[in-house]
J.: 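Provided herewith is a single structure, encoded as structure tokens, for subsequent inquiry.
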There are 4 protein chains.
Amino acid sequence: MTPPRAPRSDGLHNRAALLDAAGAAYAEHGFDASIADIARRAGVAKATVFHHFASKDALLAAVLVQRLQKLLDLGERLLEAEEPGAALMEFLALSAQQRQQNDLAFARTVEAAGEQMNEVRDRMFTVLDALVLRAQEAGAVRRDVTGMDVALLMCAPTHVAAFAPNAEPDLWRRYLAIILDGLHPQGAGPLPGQAPPRH
Amino acid sequence: MTPPRAPRSDGLHNRAALLDAAGAAYAEHGFDASIADIARRAGVAKATVFHHFASKDALLAAVLVQRLQKLLDLGERLLEAEEPGAALMEFLALSAQQRQQNDLAFARTVEAAGEQMNEVRDRMFTVLDALVLRAQEAGAVRRDVTGMDVALLMCAPTHVAAFAPNAEPDLWRRYLAIILDGLHPQGAGPLPGQAPPRH
Amino acid sequence: MTPPRAPRSDGLHNRAALLDAAGAAYAEHGFDASIADIARRAGVAKATVFHHFASKDALLAAVLVQRLQKLLDLGERLLEAEEPGAALMEFLALSAQQRQQNDLAFARTVEAAGEQMNEVRDRMFTVLDALVLRAQEAGAVRRDVTGMDVALLMCAPTHVAAFAPNAEPDLWRRYLAIILDGLHPQGAGPLPGQAPPRH
Amino acid sequence: MTPPRAPRSDGLHNRAALLDAAGAAYAEHGFDASIADIARRAGVAKATVFHHFASKDALLAAVLVQRLQKLLDLGERLLEAEEPGAALMEFLALSAQQRQQNDLAFARTVEAAGEQMNEVRDRMFTVLDALVLRAQEAGAVRRDVTGMDVALLMCAPTHVAAFAPNAEPDLWRRYLAIILDGLHPQGAGPLPGQAPPRH
DNA sequence: TATGAATGAGAATTCATTCAT
DNA sequence: CATGAATGAATTCTCATTCAT
């Protein structure tokens, strides 16, 4: 069924298979997919999961780090785009398109911690701050939002769309569009409260 | 041998206590808070939970119905407000302020069903449609959103704010403000896709 | 639905309704039908069951006594029949036809005891001994079986037939016929062992 | 803190121990012996039961299959015996002697299903048909009974004997003898109804 | 490295029974 | 007499995790 994987050394192969399997399981059953399920999907024994990841939470963390890493790469590339406004929009669109419930990522993150996690997350915020700043300087985004604000908001479209019973899979685009309109500078009263801190 | 029995309290009291306890438990541990936890909070035995609610899902449904009912009452009162634009805004603000994760409500709803649930939910959508329509006619809200769109979006602010690590409790107001700005009619390109169906 | 009962005083009415309900429940779910089920069928509250019967076992015992009583009456009437052989056959046929799993009756009996139970059961054995004796004297039944033997065997046909998957409801007649043939005097070697004692 | 672990025993050992324990528990408390009881008897944790058998029903099925298998082997061996009449008698005697309540086996079978179960049961019926046919051809058994009839009747002796209060353990032999006499060809009127179908 | 086996800690749910009204 | 309410004990089953091989 699965296309013959490039035969890396056994250890790495299983680790990668587990990350994939976990991702698939999370997508289907949410973040409390069982270890048994994940192991089955990866074609290994349950105990092997613990051979590669210290705990269930550690596996979750690893998956999230992997995903965030990808997003991070995308963000860094977009930092050098010509039109800063469009760049930010694109970042949000692509991140939503992955539809991986990155949202919960942040929540769980706190609990599962892990060195790597913190590092990736921090760099993500840095990139977002930069993307936002450039967009603001180009006049494409209102001045009173921060990268952290955007980080939180980027979870909303897919999360919200997930609750519509029989919607088309692109429904999130509607809500991303509304939020983007809300981020535009024209005709926007000052925001209440303060932007949330990073930590 | 026989432990001193609890001083006999009338049925309705315990039922209400259970609804409260469940609400608290859900707030703390999410919707899979255990029956044991809920019973402990309410100060009753596990079996008593099942005396009042047929199953775990039935309890969840009862809690959600209760919450939606409150919101529904609010919405119906606001239907008669003088300024339709402000009325919709207020509805969203107050519904968010309850901070009850009304969001998942809609999702789970489908599964846990129950006569009452469906009825309350439908009436909620009807009220939202009306609120939105009046606001649109008053020129306060863009013409291309529906009550269902708003129903989905109203979950976003508190959901999103919940992931900020050490934020002030009013953080959701920021994101509600942004979304409201996104709902304003001026300077808003046409939305992609179609509004989701009710069912 | 139920034909208007002769309005005995409330207490007795409920007691009778419970016995009926228990019988029906046992027939459908076997002897571990739940008290809740029985109460529901009788249209009374669970606690009322315990008002009339000291325990679940006591209720079972009462039902069994009632049934045995009926059978006992039948047996006593048949004691005066003209053809002793036919009389015994008829007793067995009619007792099987009631298809009430009288069998387990004896088993459970021991545990649930109760004065009445022991008395009825003893009288039953006495009647059976007499029926058998008369049949033996008439040359219709082999000499080496006792009333107790017959008491045990009479459970077999319906019990055995109950395990046939899609059989016609009269299947037990086949097995009763075979057993009756086995009880005939002609061509029957001596039985091994001793007939079981009454107690 | 950590209790001294059981000295590690190989999987098959525990599986066998569980089958034995289940058999013993069934014999004592009937087929609704609790998993807890069975686990205790086998000296393993409750969860271990589910490691070996998917569900309570699966365990029951496994026990029954194992028993039927034994009986099946016996039957197949007896198919080649010299005296067909004696062969059938011996089969019934030995199957009763195992005193395992094989009876319920057939009943439950239908519910607990399972591939193996159906197969073994079917082969059992086939063997019984053959045994009966040979016995009939030898003039030892009446012509109007089938293998299915005998399958049902073979449960009767032990079942019936089980209800005698203080009987000697060989009591079932009496009732088997009577039934065997009933199966003899001489002096037996035609049986009412039709033999039950296999399924 | 990988795994089958084993398990303790819960999970939801059922049930016979008791008590105050 | 009747009952709604309450509960302790038990039941089946799940799951993350550990260990010996």
Side-chain angles (χ1 to χ4, degrees), chain A residues 9-15 32-39 43-59, chain B residues 2-3 5-15 32-39 43-57 59, chain C residues 9-15 32-39 43-59, chain D residues 1-3 5-15 32-39 43-59:
Chain A
S9 92
D10 258 347
L12 288 183
H13 170 275
N14 272 355
R15 192 176 194 280
D32 26 76
S34 80
I35 291 279
D37 182 22
I38 294 172
V44 302
K46 258 186 310 180
T48 305
V49 179
F50 294 92
H51 207 72
H52 290 281
F53 306 94
S55 69
K56 198 191 183 184
D57 270 15
L59 170 55
Chain B
T2 0
R5 218 162 252 279
R8 186 57 198 273
S9 59
D10 107 296
L12 288 181
H13 171 276
N14 268 359
R15 190 175 196 279
D32 24 78
S34 82
I35 290 282
D37 183 22
I38 294 173
V44 301
K46 259 184 304 178
T48 302
V49 179
F50 293 95
H51 179 66
H52 290 282
F53 306 94
S55 68
K56 195 187 182 178
D57 270 17
L59 170 55
Chain C
S9 91
D10 258 345
L12 288 183
H13 170 274
N14 273 354
R15 193 175 194 280
D32 26 77
S34 78
I35 290 280
D37 183 20
I38 295 173
V44 303
K46 257 188 308 179
T48 304
V49 179
F50 293 93
H51 206 72
H52 290 281
F53 305 95
S55 70
K56 198 190 183 182
D57 271 15
L59 169 56
Chain D
M1 271 311 232
T2 0
R5 221 162 250 279
R8 187 58 200 270
S9 59
D10 108 295
L12 288 183
H13 171 276
N14 268 359
R15 192 176 195 279
D32 23 80
S34 82
I35 291 281
D37 182 22
I38 294 173
V44 303
K46 261 182 304 179
T48 303
V49 179
F50 294 96
H51 179 66
H52 290 281
F53 306 94
S55 67
K56 196 188 182 177
D57 270 18
L59 170 55

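In what follows, chains carry the letters A, B, and so on, assigned in the order in which the sequence lines appear, proteins first and then strands, with residues in each chain numbered from 1. Nothing here was measured: the structure is a model prediction, and the numbers come from that model.
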J.: Can you pull out the residues from residues 44-51 of chain C that lie within a 4.0 Å heavy-atom distance of DNA chain E?
T.: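 DNA chain E contact set from residues 44-51 of chain C: C/Lys46, C/Ala47, C/Phe50.
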
J.: Rounded off to whole Å, could you give me the CD1-to-C1' distance for the A/Ile38 and F/dC15 pair?
T.: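 After rounding, the gap between these two atoms is 12 Å.
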
J.: Figure out the NZ/P separation between B/Lys56 and E/dG10, and round it to whole Å.
T.: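 It works out to 15 Å between those atoms.
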
J.: Which pair of non-hydrogen atoms, one from B/Ile35 and one from B/Lys56, has the smallest distance, and what is that distance?
T.: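 Taking B/Ile35 first and B/Lys56 second, the nearest heavy atoms are CD1-CG, 3.9 Å.
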
J.: What residues form a side chain to side chain contact (heavy atoms under 4.5 Å, CB included) with D/His52, not counting sequence neighbours?
T.: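 If we apply the side chain to side chain contact (heavy atoms under 4.5 Å, CB included) test to D/His52, skipping adjacent residues, the hits are D/Asn14, D/Arg15, D/Leu18, D/Thr48.
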
J.: Check side chain to side chain contact (heavy atoms under 4.5 Å, CB included) between A/Ala36 and all other residues, then give those that pass, not counting sequence neighbours.
T.: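 A/Ala36: side chain to side chain contact (heavy atoms under 4.5 Å, CB included) contacts with A/Ser34, A/Arg40, A/Lys46.
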
J.: Considering only side-chain heavy atoms of C/Asn14, which listed nucleotide, F/dA2, F/dA16, F/dT11, is closest?
T.: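 Nearest to the side chain of C/Asn14 among the choices is F/dA2.
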
J.: To the closest 0.5 Å, what do you measure between CZ (C/Phe53) and NE2 (C/His51)?
T.: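 The CZ atom of C/Phe53 sits 12.0 Å away from the NE2 atom of C/His51.
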
J.: I need the NE2-C1' distance between D/His52 and E/dA6, as an integer number of Å.
T.: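 Distance, rounded to whole Å: 8 Å.
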
J.: Whole angstroms only, please: what is the CG-P distance between A/Asp32 and F/dC15?
T.: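 Roughly 10 Å, once rounded to whole Å.
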
J.: Over all heavy atoms of both residues, which pair between D/Ile38 and D/Ala33 is shortest? Give the atoms and the distance, please.
T.: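 The pair with the smallest heavy-atom distance is CD1-O, 4.5 Å.
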
J.: Calculate the interatomic distance between C/Phe53 atom CZ and E/dT18 atom P; express it in whole Å.
T.: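 Taking atom P of E/dT18 as the reference, CZ of C/Phe53 is at 16 Å.
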
J.: Report the distance from atom CD1 of C/Ile35 to atom P of F/dA9, rounded to the nearest whole Å.
T.: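 C/Ile35 atom CD1 is separated from F/dA9 atom P by 20 Å.
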
J.: From CG of B/Leu59 over to P of E/dT13, roughly how many Å is that when rounded to an integer?
T.: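 Going from B/Leu59 (CG) to E/dT13 (P), I get 10 Å.
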
J.: Based on Watson-Crick and G-U pairs with both distances under 3.5 Å, what dot-bracket line describes DNA chain E 5' to 3', crossing pairs as [ ] and inter-strand pairs as |?
T.: .||||||||||||||||||||

J.: Roughly, in whole Å, what's the span from CG in B/Asp37 to P in E/dG10?
T.: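 So the CG-P distance, B/Asp37 to E/dG10, works out to 12 Å.
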
